[in-house]
There are 2 protein chains.
Amino acid sequence: MDEVDRHLLALLQQDATTPYAALGQAVGLSAGATHDRVRKLRERGVIRRTTVEVDPAALGRGVLAFVMVDSSRWVGDSGDRFAAIPEIQEAHVIAGSASVLVKVRTATTEQLQDVLRRLYAIDGVSGTQATVVLETFFERPVAP
Amino acid sequence: MDEVDRHLLALLQQDATTPYAALGQAVGLSAGATHDRVRKLRERGVIRRTTVEVDPAALGRGVLAFVMVDSSRWVGDSGDRFAAIPEIQEAHVIAGSASVLVKVRTATTEQLQDVLRRLYAIDGVSGTQATVVLETFFERPVAP
DNA sequence: TGATCTGCCGATTTACATTCTGCATAGTGG
DNA sequence: CCACTATGCAGAATGTAAATCGGCAGATCA
């Protein structure tokens, strides 16, 4: 994990379709050596996968909200229960008064309400506090 | 945006390196037709870009926190100020008592504290409330 | 100094993206 | 009811890039 690797990661985050020849030129390596570097980054798990970024609005997911989930019981093993709700994009166990923080994308606020209903159905969930996003400044990859 | 498009998006989110021939087989189309579909999804902006998912821990960003930022002034135009802090991965204007919600990744809690310091330096920011993530259940793409 | 390992280059081979032609279907307007 | 045009797909072509390989140079260690 040297400076070249970090540079490659940054370039790939911007556009993972960039040919190895162009990547190599940017970092001062041949296409073959660049290919090696990226392959090793994948093997080591630094690069988890290659994916496409999809516009949430185009998928009918124009409403974004963060929900603090309170619990009356241990929910540290209930990851699957949260994963079963497809509108939930992220779920984190947190330190503090609430227990779990989830990121939710729905088409409408009515559907958001329905997600809250399904959250309450999870064993141990005793309350929710939803915060609706009015405007997203930015969402970007982790800077290498 | 029919069922085939949604299926293609799901497949590409899983692995954007899948050849068009394989994608086509999965959705019941030829490679050429699949290529057309994906090209149009890109042109329409449904697919924003192709990127790589990087393990935050491998980049020395093992600490994840969400920070509620309170403000005494209008901060709806201060997106650039937040973007100038590289540890901030997301920034959203929210409805509720706080004004902005940011997602922060740092190597240590000391660095998290330093980010809070830089947040306070933004005009109008009057307070912060940080919530540290203990465990991430999952982070996944928006389900098509 | 000799041996081994690592990283890189350059070329080869293979695979895939991309483009093109032609066809079928579904709308559109006379 | 019949041309006319759009659109979407298949199948084959062409081009380009991915993936693989052999060999070399520098580093590390015995």
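We name chains A, B, ... by the order of the sequence lines, and we start the count at 1 in each one.
- By the rule that a glycosidic angle within 90° of 0 means syn, C:dA24 does not qualify and counts as anti.
- Salt bridge annotation for A:Lys103-B:Glu90: present, with a cationic side-chain nitrogen under 4.0 angstrom from a carboxylate oxygen.
- Between A:Arg49 and B:Asp15 there is no salt bridge, since no side-chain nitrogen of the basic residue lies less than 4.0 Å from a carboxylate oxygen of the acidic one.
- Counting to the nearest Å, the C1' atom of D:dA19 and the NE2 atom of A:His35 are 5 Å from each other.
- By the 4.0 Å N-to-carboxylate-O rule, A:Glu139 lies close enough to A:Arg105 to be salt-bridged with it.
- Counting only residues at least two apart or in different chains, side-chain hydrogen bond (donor to acceptor under 3.5 Å, both in side chains) contacts with residues 54-72 of chain B comprise A:Arg48-B:Asp55, B:Ser71-B:Ser99.
- At least one side-chain nitrogen or oxygen of A:Tyr20 sits closer than 4.0 Å to the OP1 or OP2 atom of D:dA19.
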Every protein N/O lying under 3.5 Å from an N/O of nucleotides 12-15 of chain D:
none

* To do: Report the C-alpha separation of A:His92 and B:Phe66 in whole Å, then their side-chain angles, then the decisive distance to 0.1 Å, and conclude whether the ring pair (Phe, Tyr, Trp, His ring centres under 6.0 Å) test is met.
  => CA-CA 10 Å; A:His92 311 272; B:Phe66 289 89; 5.3 Å; yes
* Using Watson-Crick and G-U wobble pairs with both distances under 3.5 Å, what is the 5'-to-3' dot-bracket string of DNA chain C, with [ ] for crossing pairs and | for pairs outside the strand? -> |||||||||||||||||.||||||.|||||
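- Checked against ring-ring contact (aromatic ring centres under 6.0 Å, His included), A:His35 has the following partners two or more places apart in sequence or in another chain: A:Tyr20.
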Check nucleotides 4-8 of chain C for protein N or O atoms closer than 3.5 Å to its own N or O atoms and list the pairs.
unit_1, atom_1, unit_2, atom_2, d
C:dG7, OP2, A:Lys40, NZ, 3.3
C:dC8, OP1, A:Arg37, NH2, 2.7
C:dC8, OP2, A:Arg37, NE, 3.2

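- For A:Pro19, the listed nucleotide lying nearest its side chain is D:dA17; candidates were D:dA17, C:dA17, D:dA19.
- Ion pairing between a basic and an acidic side chain is recognised when a charged N comes within 4.0 Å of a carboxylate O; B:Asp123 and B:Arg73 show no such pairing.
- Cluster partners of A:Val63, using a side-chain heavy-atom cutoff of under 4.5 Å among ILVMFWY residues and allowing indirect links: none.
- Looking only at distances, no side-chain donor or acceptor of B:Ser78 sits under 3.5 Å from a matching main-chain atom of B:Arg81.
- A salt bridge between A:Asp2 and A:Arg6 is absent, with no side-chain N of the basic residue lying under 4.0 Å from a carboxylate O of the acidic one.
- For A:Thr109 (side chain) and A:Leu112 (main-chain N/O), no donor-acceptor pair under 3.5 Å exists by modelled atom type.
- In this entry the distance linking CD of A:Glu43 with C1' of D:dA19 reads 13 Å, nearest Å.
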